Every structure is written in C-alpha cells, then in structure tokens.
**Q** 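Attaching a single structure in structure tokens format; questions to follow.
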Amino acid sequence: MDKYNFNKEVSRAGTYSVQYEGTKAVFGADGLAPFWIADMDIEIASPIADAMKARIDNGIFGYTFWQNPKFYEPIKHWWKSRFDISLADEEISYAPSVLYTVGETVRQHSDSGDSVILTTPSYNAFLGLLENNDRQLAECPFIEDENGFSFDFEKFQTLCERDDVKAYIHCNPHNPTGKIWLKSEMERIREICLENNVYLISDEIHMDFVRPKESFVSMVELMGEDDPVLVTTGLGKAFNLASIPHSYFITRDRAFRKKLGRVIGAHGLGAANSLALAAIEAAYTECADWIDALNEHLDGNLQMVEDYINAHMSEWLSFKKPAATYLAWISFEPSGLDDDEVQKALVEIGGIAVSPGKMYDVGKNQHFRFNVASNRERVLEGLKRIHKTFEEITKTTEG
Ligand SMILES: Cc1ncc(COP(=O)(O)O)c(C=O)c1O
C-alpha cells in the first residue's frame, strides 16, 4: 500500500470553508461541487498535525519571536535540499502573508496612480491589489501557442521604460497558467528591471508543486547583493495551510529588508504565528517525501484531465498538463462559446464552481481554472459535470 493516501475522502463540514461555503457569494448558488479557490481537499501531512498539536498542548500562545534557529534552519534546509540554494539567516524574514508582502512592497516602491506590470492572465488577487491600492495595471499579456505560454519581452521592455511603471509582480510558478519560468527568461527579466529601476517582486508560493520531471528555478538564484529584488513564499499552498496565516520573504536588498520589517512592525504585525512556526519546522524537516508523493498524485490527476478532455471533449475544450501547480487552465476557445454563457451553464447545468477566466484578465478570456487538488474520484466527478455542461449547452446552441 502507498505510504500516503491522497484519495481519502475529506469533509469540510463546519469549517466555514470558502471553497464550499463561498459559492453562493461568488457563483450565486449554494451546494455547487467546488473546484475553484486554490486550496486542497487533502489532509495535511501528519508530522505537521502532530507538531501543531504538540504546540497546542503547551498551552501558551504569547507573543512569539520568529528570529530563532527553529525558523531559519528548516527554511535553509528546504532551500538547500530542494533547490540547491544556500541562504543566510539575515536574508530570510517572516511576514504575515504572501499577498501582504506583495502589497506592501508595491506600496513602498510606488505612489498612488503609478503603474505595476502583471502578466495576464494573472492571479486575480494581484489585479484586485492594484485596484484597491490605486495603482494602474501595466499589462504584459502572455503569448499562447501550442507550446504553452511565452513572455513578450519586447512589450515588457517598453513597459519598463515608462516613467510611471515602478514594479513588476513576477509569479513563478505562474497562477493560473502553471508555467515555470526558464532561467534564461528570468535573467533577461531581472536585467530589464534593474536597468529601468523597476522593483522586481517574485511570488513563488507555488514553488513546491512541480511535475515530477520538471524543475523549478527561484529568482533567489539570480539575486545579487543589494539587488532591488524580493522573493515571497510560504507553505499555504504546498502544505495546505492557507488558514494558518504566515509567509516569509527572501531579499538581499538590505535597505528594503530593514524598511519592510519596520513597516510590518508599524502595522502591529511583527510577532509570528506560533502554530505556523511549528508547521514550518515540521514540514521543512519531515515532509519532503510527502510533497513528492503528492506531486505524483497531482500529476496523475492532471494527466487524467488531459486524457479525458482529449477523449471526450476535444471539440469544445483544449488543455495541456502544466509544468507546475495543481490548477488546470482549460481553454474553451474551440467551442466558440462566450465567457458568460459558459460560466452560467457550468453553474446551472453542471452544478460546478470553477474559476471563470475573466476573473484573471481584463476582458474576455475563454478559459476556466479547474483545481485538481482532491482525491481522483472527485476530480473525475468534476470532469463529468463539465462534460455534461458542454454537451447540453452545445445542444441548446445548435438546436
Ligand atoms: C500566486 C499566489 N500568491 C499568493 C497567494 C495567497 O497567499 P497568502 O494567503 O499567503 O497571502 C495565492 C493563493 O492562491 C497565490 O496563488
């Protein structure tokens, strides 16, 4: 028997889960089969649960320092053993969340009305973050072809040269496309940002989800001393800890590291989440084989999605297994159907909640994002709901 059972059924009843209980607010209906927000229907690894339980048994939850070896050493071990990167303690800082760190870095390096570059499609929270902070979107759309998503360097260069453009939010692996950036692409991006005084923020929260034969290169690998570059990440995705808020960032920009630390303190957010510290230590020292096994499971799920679409839905959908993440970014361009029509049908006919493509873009998109981080049977059930939706909707439109 396999050491880990990722096909176990889990229940989120009574947990106020956004995935299940948020469908009414987002999709206008209760009780949909949810495959949208990026968290997993998979139980956390048992060493993490044990470490958090032991911390709870201690019974004391006073203010907690993160500046200690139990924070630094597991992180350094993980980065060395997973990515062959050696970090120094002073390069690593704790922060309340990845999105907080991205937002604060944007706020500190730009003024109201300035522009920030995003590749589109983009993680929807980045779009919201710019809007809510009165920053303009400088859009660098991916070019999609049969080989996947490529970066428009010419467009990027032009955007970086603009006076109003102050920062670029790089997402690697990329949500929602699942792209892993090549080292050569990242070298060029870093060079263009540095030449044009554009602050480079790399969100690497999905770094641990790569297909078994792929490898991930972190922007940390390219970071020079005092470079205006910051990498932010955490265990919220890989170890399914989104409701245990925490994150950490890595930068060699000493002046900004100090400044960001002060701003976090000024917001009253300087103390660490003690359960998160326990989880980080357990995950990064005891759960490497768990994440490897999980990646095998997710690879199987994504392969099933690709095979099912090719076998049963290729007249309407196209999809290629991504190099990273547990998110299937599925195109319905072949169907010729409209975004709103498809979204309505997925809810009303399929009874399924998948994230609509236009959430990740500024206009129409003709994709949806299907989260496959579940037991395999549940993913198959989701595919059948999508199948039924397209079967019926195309009947209606043809007839
Ligand atoms: C690219 C990316 N960054 C950040 C987050 C959220 O991170 P946090 O909860 O630590 O703010 C997500 C969650 O889906 C994400 O996909």
Side-chain angles (χ1 to χ4, degrees), residues 16-19 22 26 34-42 44 66 75 92-107 116-130 132-133 142 149 167-181 200-210 216 218-219 230-250 260 264 267 269 272-273 275-277 279-280 283 298 322-329 353-357 359-361 367-374:
Y16 301 102
S17 110
V18 175
Q19 182 80 264
V26 179
F35 296 86
W36 58 294
I37 202 165
D39 65 13
M40 302 197 275
D41 264 10
I42 284 173
I44 60 168
W66 51 267
I75 293 176
I92 313 165
S93 302
Y94 181 92
S97 83
V98 168
L99 220 46
Y100 172 87
T101 307
V102 173
E104 200 53 65
T105 306
V106 165
R107 286 189 288 275
V116 174
I117 304 172
L118 287 180
T119 42
T120 50
S122 160
Y123 170 42
N124 57 320
F126 293 154
L127 294 164
L129 187 148
L130 297 190
N132 295 327
N133 284 285
F142 276 126
F149 295 86
Y168 163 51
I169 306 173
H170 180 74
C171 186
N172 185 25
H174 186 263
N175 174 6
T177 64
K179 173 184 168 74
I180 297 188
W181 297 78
L200 175 51
I201 305 163
S202 184
D203 177 335
E204 301 185 358
I205 197 170
H206 293 274
M207 67 188 191
D208 296 305
F209 288 122
V210 287
F216 163 79
S218 168
M219 195 59 87
L230 178 142
V231 168
T232 169
T233 189
L235 290 73
K237 300 290 139 195
F239 295 96
N240 212 18
L241 297 167
S243 67
I244 311 286
H246 75 281
S247 73
Y248 61 92
F249 64 89
I250 299 168
L260 186 51
I264 291 172
H267 287 156
L269 297 168
N273 177 335
L275 283 182
L277 293 186
I280 292 170
L298 296 173
T325 79
Y326 50 68
L327 307 165
W329 183 242
V354 291
S355 308
M359 225 185 218
Y360 303 84
D361 222 329
H367 286 73
F368 55 85
R369 198 189 73 174
F370 179 50
N371 172 348
V372 307
S374 297

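Quick note: residue numbers are just sequence positions, from 1. In this text, all values refer to a predicted model and were calculated from it rather than measured experimentally. For ligands, and for the atoms within them, numbers begin at 1 and follow the listed sequence. Atoms considered below: every heavy atom in the structure, side chains included; atoms not considered: hydrogens, waters and symmetry mates.
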**Q** Which distance, rounded to the nearest 0.5 Å, do you find between the CG of Asn175 and the CD1 of Ile205?
**A**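 Going from CG on Asn175 over to CD1 on Ile205, the span is 9.5 Å.
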**Q** Mind telling me whether Trp329 and His367 have parallel, tilted or perpendicular rings, with 30° and 60° as the class edges?
**A**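 Taking Trp329 first and then His367, their aromatic rings lie parallel (interplane angle under 30°).
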**Q** Looking only at atom types and distance, does a side-chain atom of Asn371 sit under 3.5 Å from a main-chain N or O of Asp39, one as donor and one as acceptor?
**A**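 Side chain of Asn371 to backbone of Asp39: a pair is present.
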**Q** Only one of Thr232, Leu235, Val98 forms a side-chain contact (heavy atoms from CB on, under 4.5 Å) with Tyr248, so which one is it?
**A**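 Exactly one candidate clears the test, Leu235.
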**Q** Show the short N or O contacts, below 3.5 Å, that ligand 1 makes with protein N or O atoms; if there are none, say 'none'.
**A**
| residue | atom | partner | partner atom | Å |
| --- | --- | --- | --- | --- |
| ligand 1 | 3 (N) | Asp203 | OD2 | 2.5 |
| ligand 1 | 10 (O) | Val98 | N | 2.9 |
| ligand 1 | 11 (O) | Ser97 | OG | 3.3 |
| ligand 1 | 11 (O) | Val98 | N | 3.4 |
| ligand 1 | 11 (O) | Leu99 | N | 2.9 |
| ligand 1 | 14 (O) | Lys237 | NZ | 2.7 |
| ligand 1 | 16 (O) | Asn175 | ND2 | 2.9 |
| ligand 1 | 16 (O) | His206 | NE2 | 2.8 |

**Q** Which one of Leu230, Leu200, Asn172 satisfies the side-chain contact (heavy atoms from CB on, under 4.5 Å) criterion with Met219?
**A**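 It is Leu200, the one option of Leu230, Leu200, Asn172 that forms the side-chain contact (heavy atoms from CB on, under 4.5 Å) with Met219.
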**Q** Are His170 and Trp181 close enough that their ring centers fall under 6.0 Å?
**A**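 Yes.
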